[in-house]
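The block underneath contains the structure these notes are about, expressed in structure tokens.
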Amino acid sequence: MSKDLIHPSALISKKCKLGQNVSIGPYCIIEDYVTIGDNTIIDSHTIIKKYTDIGASCTIFSHCVIGEIPQDKKYAGEKTKLIIGNNTVIREFCTLNRGTQETKLTKIGNDCLLMAYVHVGHDCIINNDVILANGVQLGGHVLIDDYAIVGGLTPVHQFCKIGQHSLVGGGLRVVQDIPPFIIANGQPLKFSGINALGLRRRKFTAAQRTNIKKAYKIIYNSTHNISQAVNKIKNELKSKNEISVILEFIKTSNRGLI
């Protein structure tokens, strides 16, 4: 750690661990038991609360509150954590809460982008390469899988899941699970086709995209209920990896699909 990178107005606990080349701006507060990885930048007026682990090469912009206690009346001061992976960018005024007794953990993966005013509630799991646009608000226990994008000013109800490579429109309200590979839009939120552009960018082949289309045609554009649709997909498309992802998501869905 270079003292030249630490502003003299910053308050930093002696019980925290800072990696090499960590930059901490004016009026930041870093509490006990915080770990910050190499080459991470913490901008001015940001507070990093205790039991927070931040990876390497992250950038946290000004006026963020990272690792604050859960907004949960059942929380009784128990030790829980917030973990942030590598290369993640957190823009201005974001608030990220650590976990509760139930899971003890809120986790944000690698290479994520959380734009300004995002809130991540307790016990959320955000996997890798996720983008949350300005003002997205996650209730507790939300799961967002790899490469998902959530549009601005969208609240996500507690315990909802958003599948990998999915795209959620802005200014909407998520109250049920959004399966992988799709675009979710409209009010109320509904299936609006597969995320073809995103899948092409992630090198999904034409054959894979066709299989995904076939699966969602069975789910959303037929007279089958979910159980019947799952059986039909298993019989017709069961050997495909991308289909296994869809079927596993449906199997583990607790709030039902949009």
Side-chain angles (χ1 to χ4, degrees), residues 102-103 107 109 112 121 123-133 136-258:
E102 187 165 346
T103 72
K107 187 175 182 180
C112 294
D123 303 286
C124 287
I125 302 295
I126 299 173
N127 286 333
N128 301 321
D129 295 279
V130 169
I131 298 175
L132 304 180
V136 168
Q137 307 287 291
L138 305 184
H141 303 274
V142 168
L143 169 64
I144 302 182
D145 212 343
D146 297 342
Y147 294 101
I149 300 174
V150 182
L153 301 176
T154 294
V156 182
H157 194 282
Q158 60 186 1
F159 294 100
C160 281
K161 298 196 304 177
I162 298 178
Q164 61 182 261
H165 299 278
S166 59
L167 172 62
V168 184
L172 302 172
R173 185 169 62 96
V174 179
V175 296
Q176 289 182 293
D177 295 340
I178 297 173
F181 313 127
I182 76 162
I183 296 173
N185 217 332
Q187 196 66 272
L189 205 61
K190 62 183 179 181
F191 169 76
S192 297
I194 72 165
N195 184 18
L197 178 59
L199 295 176
R200 286 196 294 270
R201 287 174 174 170
R202 302 265 65 87
K203 309 302 183 184
F204 280 70
T205 66
Q208 288 175 311
R209 298 195 303 271
T210 296
N211 287 330
I212 292 168
K213 286 181 181 178
K214 288 179 180 178
Y216 284 117
K217 185 175 181 180
I218 294 170
I219 293 170
Y220 285 110
N221 296 328
S222 73
T223 58
H224 300 300
N225 62 33
I226 289 293
S227 297
Q228 293 168 336
V230 166
N231 288 333
K232 186 174 178 65
I233 290 169
K234 286 180 178 178
N235 291 332
E236 296 183 4
L237 302 167
K238 61 182 178 181
S239 63
K240 312 301 181 183
N241 289 337
E242 59 274 14
I243 301 307
S244 297
V245 171
I246 296 171
L247 293 177
E248 181 63 23
F249 186 93
I250 294 171
K251 180 180 177 181
T252 59
S253 174
N254 293 318
R255 292 190 60 81
L257 305 187
I258 61 168

Open item on the list: Test: salt bridge (charged side-chain N to carboxylate O under 4.0 Å, His left out). Region: residues 213-233. Which pairs qualify, not counting sequence neighbours?
Closed with: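 Listed once each, the pairs are Lys232-Glu236.
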Looking only at heavy atoms, which two atoms of [X] and [Y] are closest? And how far apart?
X: Ile243; Y: Ala215; result: CD1-CB, 3.8 Å
X: Ile218; Y: Ser222; result: O-OG, 2.5 Å
X: Tyr220; Y: Pro179; result: OH-CG, 3.8 Å
X: Ala184; Y: Ile258; result: CB-CD1, 3.7 Å

Kindly compute the distance separating [atom1] ([X]) from [atom2] ([Y]), expressed to the nearest 0.5 Å.
X: Asp129; Y: Cys112; atom1: CG; atom2: SG; answer: 6.5 Å
X: Ile178; Y: Leu167; atom1: CD1; atom2: CG; answer: 9.5 Å
X: Thr223; Y: Gln228; atom1: OG1; atom2: CD; answer: 7.0 Å
X: Ile194; Y: Leu199; atom1: CD1; atom2: CG; answer: 5.5 Å
X: Cys124; Y: Phe159; atom1: SG; atom2: CZ; answer: 10.0 Å
X: Leu132; Y: Leu138; atom1: CG; atom2: CG; answer: 5.5 Å

Open item on the list: Val230 vs Leu247, test: side-chain contact (heavy atoms from CB on, under 4.5 Å). Steps then yes/no.
Closed with: CA-CA 7 Å; Val230 166; Leu247 293 177; 4.0 Å; yes
TODO: Would you list the pairs meeting side chain to side chain donor-acceptor pair (under 3.5 Å) in which at least one residue belongs to residues 161-190, sequence neighbours left out?
DONE: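 Passing the test, one end in residues 161-190: Lys161-Thr252, Asp177-Ser253.
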Open item on the list: Under the rule for ring pair (Phe, Tyr, Trp, His ring centres under 6.0 Å), what residues qualify as partners of His157, not counting sequence neighbours?
Closed with: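 Checked His157 against ring pair (Phe, Tyr, Trp, His ring centres under 6.0 Å); zero matches.
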Task: Sequence-distant partners of Tyr216, ring pair (Phe, Tyr, Trp, His ring centres under 6.0 Å), two or more places apart - done: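 If we apply the ring pair (Phe, Tyr, Trp, His ring centres under 6.0 Å) test to Tyr216, skipping adjacent residues, the hits are Phe191.
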Open item on the list: Could you check whether any side-chain heavy atom of Ile246 comes within less than 4.5 Å of a side-chain heavy atom of Ile219, counting everything from C-beta outward?
Closed with: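 Touching, per the 4.5 Å side-chain cut-off.
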Open item on the list: I want to check something: taking the side chain as every heavy atom from C-beta on, are Ile162 and Val130 in contact at a cut-off of under 4.5 Å?
Closed with: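 No; the side chains remain at least 4.5 Å from each other.
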Listed pairs under 3.5 Å, donor-acceptor, residues 144-153 side chains, sequence neighbours left out:
unit_1: Asp145; atom_1: OD1; unit_2: Asn127; atom_2: ND2; d: 2.9
unit_1: Asp146; atom_1: OD1; unit_2: Asn128; atom_2: N; d: 3.0

Identify all side-chain donor-acceptor contacts of residues 204-212 below 3.5 Å with residues at least two apart in sequence or on another chain.
unit_1: Thr205; atom_1: OG1; unit_2: Gln208; atom_2: N; d: 3.1
unit_1: Thr205; atom_1: OG1; unit_2: Gln208; atom_2: OE1; d: 3.4
unit_1: Gln208; atom_1: OE1; unit_2: Thr205; atom_2: N; d: 2.8
unit_1: Arg209; atom_1: NH1; unit_2: Phe204; atom_2: O; d: 2.7
unit_1: Thr210; atom_1: OG1; unit_2: Ala206; atom_2: O; d: 2.9
unit_1: Asn211; atom_1: ND2; unit_2: Ala207; atom_2: O; d: 3.3
unit_1: Asn211; atom_1: ND2; unit_2: Glu242; atom_2: OE2; d: 3.0

